[in-house]
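Any value given below was found using the heavy atoms of this structure, including those in side chains, with hydrogens, waters and symmetry copies removed. Bear in mind that the values here come from a model prediction, so they are computed numbers and not experimental data. For ligands, and for the atoms within them, numbers begin at 1 and follow the listed sequence.
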Amino acid sequence: MVKDLFAHEDGPVRVSGWVEKVRDQKFVQFVVLRDETGAVQLVNGGVLREADPENPRSDILVPRTTTISELTHGTFVTVTGELQHNERVKLGGVEIQIETIEVVSKALPDNPVADDSGLDARMDWRFLDLRRPEQNLVFRIQTTFLHALRQVWIDRGFIEIHTPKLMASASESRAELFEVEYFEGKAFLAQSPQFFKQMAQAAGFGGIFEVGPAFRADPSFTSRHATEFTSIDTELSWVESHEDVMQLHEELMVAGFAAVKERHGEEIQKLFGIEVEVPARPFPRIPLAEAKEIVKERGYEVPRADADMDPEGERQIAAYVKEKYGHDFVFLPDYAASIRPFYHMLNEDDPSLTKRNDLIYRGTEISTGAQREHRVDVLEAQATAKGMDLAELGFYLDFFRYGVPPHGGFGMGLARVLMLMLQQSSIREVTYLFRGPTRLLP
Ligand code: AMO
């Protein structure tokens with residue numbers, strides 16, 4: 001691999017990769033070759049000679065080859081040659097004097113994406129777009145982040161589950177629900193593993209986690225919404241309140257950010273110009289009502305009829321927290337009962353509030369969590385009050401009829417975390433293949 005060349009002694013080597021650039025000079029040719037680990041300069045300074053087609057005397061050789069001149073951007077080649085360390089070579093201080101060059105897979109000359117291509121063109125040709133080193137890095141970061149989260153879950157003895165994405169009912173709300181034909185009837189695509197992660201509590205699994213797809217028929221074109229996204233979900237038994245959920249959440253975030261910083265910090269600095277910050281614990285917590293007051297004092301009144309925040313409100317409270325505590329994260333616990341799903345538990349001391357906790361990172365909501373209502377009579381009453389169809393929810397309500405521990409958890413959008421961590425303008429930049437109202441390809 002290219003990354004191994006830098007510490008390799010001078011001598012014969014063999015590398016493969018994509019042609020990034022060809023500089024064709026009169027007596028010397030340079031090729032920049034890239035694989036997924038880096039880029040290296042190849043040189044043909046006359047070792048490779050071929051007959052000059054212009055010259056009738058075919059024994060006169062010219063120190064350049066048409067094979068190299070004709071290499072198109074993106075062509076995949078395998079090269080053998082002599083590795084030489086040379087401080088004057090800007091690209092890592094090494095170069096390879098080409099001995100043989102084999103074209104393994106040719107690229108068409110009309111590269112459909114250029115450096116100045118718009119996001120949509122890049123999405124159309126995502127496999128080419130992903131060849132860019134910063135895009136490659138995004139998915140290495142994603143791997144490291146998820147691995148670190150997994151390590152925390154596994155160390156705590158949590159069980160990984162994979163819940164079905166075809167369901168007989170809505171999992172969050174009737175809005176934003178994809179309906180699909182299902183033999184003689186219909187099914188719905190899971191908006192969240194909510195019901196099934198709670199089922200694991202009734203099943204005696206204790207802590208569980210799932211990283212999987214979630215679907216929302218959301219017609220909006222914002223930078224943070226997709227119709228299919230990867231949801232990071234966890235749920236744990238024996239919680240005393242949503243404070244326990246927030247503590248687990250913090251532990252996971254710190255582990256994920258620390259691992260990313262340690263493994264990729266330098267490269268992120270180089271390619272994105274960003275210093276990854278590992279958040280300090282505890283994250284600030286500002287009850288929602290108080291957060292709205294603070295935002296109002298800053299001159300922004302959330303223009304909503306209900307008690308909820310809006311995106312500008314989230315940005316404002318994040319700006320306040322950054323100024324006051326120097327923190328990029330803030331929990332907004334204690335949502336008003338009027339704006340929560342039926343499965344959240346109410347605050348015993350103030351039933352107008354729920355034991356819900358949203359997490360805001362750099363001004364955008366990245367997760368929703370809560371302690372759940374596990375008392376079936378209360379749950380039924382809350383579902384009825386929200387106009388839910390109890391018959392349709394029968395299978396879910398049954399989970400709570402045979403003994404279930406108090407529990408809570410959260411769900412977090414993976415792409416939102418990456419977008420904000422890397423200060424990207426859209427989740428499209430950090431989603432392998434984005435799905436939106438007008439995008440089903442590739
Ligand atoms: P909620 O609906 O708030 O909560 O979703 C949780 C998190 O999922 C992400 N998210 C999205 N990401 C991209 N595109 C979308 N359309 C989209 N919708 C949601 C966000 C959001 O914060 N069952 C609860 C979670 C729980 O209580 O455990 C739920 O789904 O980052």
Side-chain angles (χ1 to χ4, degrees), residues 145 161 163 165 167 169-178 188-201 207-237 239 242 244-246 248-249 252-253 288 308-311 314 318 329-333 335 339-345 354-374 396 407-421 424 426-437 439:
F145 182 74
I161 59 171
T163 63
K165 305 306 161 200
M167 294 179 62
S169 68
S171 35
E172 288 296 320
S173 70
R174 279 264 150 210
E176 304 181 356
L177 189 58
F178 279 119
F188 303 104
L189 296 184
Q191 297 156 301
S192 155
Q194 184 63 38
F195 293 167
F196 306 126
K197 58 182 187 168
Q198 288 191 258
M199 186 186 100
Q201 309 310 304
I208 58 95
F209 65 97
E210 176 171 13
V211 179
F215 303 88
R216 305 274 170 109
D218 186 333
S220 57
F221 288 89
T222 75
S223 61
R224 59 187 198 287
H225 287 99
T227 50
E228 176 176 353
F229 63 96
T230 300
S231 184
I232 298 173
D233 277 275
T234 189
E235 197 76 20
L236 78 163
S237 281
V239 303
H242 50 325
D244 293 334
V245 177
M246 289 191 273
L248 171 65
H249 206 335
L252 288 162
M253 299 313 278
L288 182 71
D308 210 351
M309 267 290 189
D310 72 344
E314 287 171 357
F329 290 83
V330 56
F331 280 116
L332 302 181
Y335 263 63
I339 48 168
R340 56 152 187 157
F342 74 96
Y343 53 78
H344 286 180
M345 186 179 268
T354 62
K355 294 170 126 186
R356 163 171 172 178
N357 52 273
D358 280 27
L359 182 58
I360 310 293
Y361 173 34
R362 292 193 165 142
T364 297
E365 177 208 306
I366 56 168
S367 77
T368 295
Q371 179 173 357
R372 324 301 186 182
E373 181 52 68
H374 61 275
Y396 171 72
H407 60 278
F410 69 85
M412 173 168 75
L414 172 59
R416 288 200 187 173
V417 179
L418 293 171
M419 167 181 81
L420 296 160
M421 177 198 282
Q424 295 297 289
S426 164
I427 56 171
R428 292 164 180 78
E429 296 280 0
V430 295
T431 302
Y432 185 67
L433 283 172
F434 173 76
R435 288 291 179 256
R439 180 161 293 276

Here the atoms of ligand 1 under 4.0 Å from any heavy atom belonging to Gly413 are 7 (C), 8 (O), 9 (C), 20 (C), 31 (O)

Should you measure from each heavy atom of Ser192, which atoms of ligand 1 turn up under 4.0 Å away? 23 (N), 30 (O)

Can you tell me if Ala370 contacts ligand 1 (heavy atom of the residue under 4.0 Å from the ligand)? no

Under 30°, 30 to 60°, or over 60°: which ring-plane class applies to Phe342 and Tyr396, parallel, tilted or perpendicular? perpendicular

Can an N or O of Arg372 be found at a distance shorter than 3.5 Å from an N or O of ligand 1? yes

Nearest neighbour in protein (non-hydrogen) for atom 13 (C) of ligand 1: Arg224 O, 3.4 Å

Name the closest protein heavy atom to atom 4 (O) of ligand 1, giving the residue it belongs to and the distance to 0.1 Å. Thr368 CB, 3.6 Å

Just by modelled atom types, is the Ala217 backbone N or O under 3.5 Å from a matching donor or acceptor in the Thr227 side chain? no

Any nitrogen or oxygen of Ile427, main chain or side chain, under 3.5 Å from a nitrogen or oxygen of ligand 1? no

Measure from NZ or CZ of Arg439 to the centre of the six-membered ring of Phe434 and say whether it is under 6.0 Å with the direction within 45° of the ring axis. no

Taking the side chain as every heavy atom from C-beta outward, state whether Ser192 and Arg216 have any atom pair closer than 4.5 Å. yes

Is any side-chain heavy atom of Leu236 less than 4.5 Å from a side-chain heavy atom of Asp244? no

for atom 16 (N) of ligand 1, nearest protein heavy atom and its distance come out as Ala226 O, 2.9 Å

To the nearest 0.1 Å, how far is atom 6 (C) of ligand 1 from its closest protein heavy atom, and which atom is that? Gly411 O, 3.4 Å

Are any side-chain N or O atoms of Arg356 and backbone N or O atoms of Thr368, one a donor and one an acceptor, separated by less than 3.5 Å? no

With a 3.5 Å distance limit and no angle check, can you tell me whether Glu210 reaches the backbone of Thr163 through a side-chain donor-acceptor pair? yes

Between His249 and Phe331, is the ring centre distance below 6.0 Å? yes

Can you report which non-hydrogen protein atom sits closest to atom 29 (C) of ligand 1, along with the distance? Glu172 OE2, 3.7 Å

Among all protein non-hydrogen atoms, which one is nearest to atom 30 (O) of ligand 1, and what is the separation to 0.1 Å? Arg216 NH2, 2.9 Å

So, Lys197 side chain and Phe195 main chain: donor-acceptor pair closer than 3.5 Å or not? no

Residue from Gln201, Met345, His344 passing side chain to side chain contact (heavy atoms under 4.5 Å, CB included) with Arg372: His344

Which residue supplies the protein heavy atom nearest to atom 8 (O) of ligand 1, what is that atom called, and how far is it? Phe229 CE1, 3.4 Å

Quick check on contacts: which atoms of ligand 1 are under 4.0 angstrom from a heavy atom of Tyr343? 23 (N), 24 (C)

Taking 4.0 angstrom as the limit and counting only heavy atoms of Lys197, give me the atoms of ligand 1 inside it, by number and element. 26 (C), 28 (O)

So, the side chain of Gln191 versus the backbone of Ala175: is there a donor-acceptor pair under 3.5 Å, distance only? yes

Distance-only N or O hit between ligand 1 and Ile366, under 3.5 Å: yes

For Ser367, the ligand 1 atoms whose distance to one of its heavy atoms is below 4.0 Å: 22 (O)

What do we get for Gln194 next to ligand 1 when only non-hydrogen atoms under 4.0 Å count, side chain, backbone, both or neither? side chain

N/O to N/O below 3.5 Å, does that happen between Glu365 and ligand 1? yes

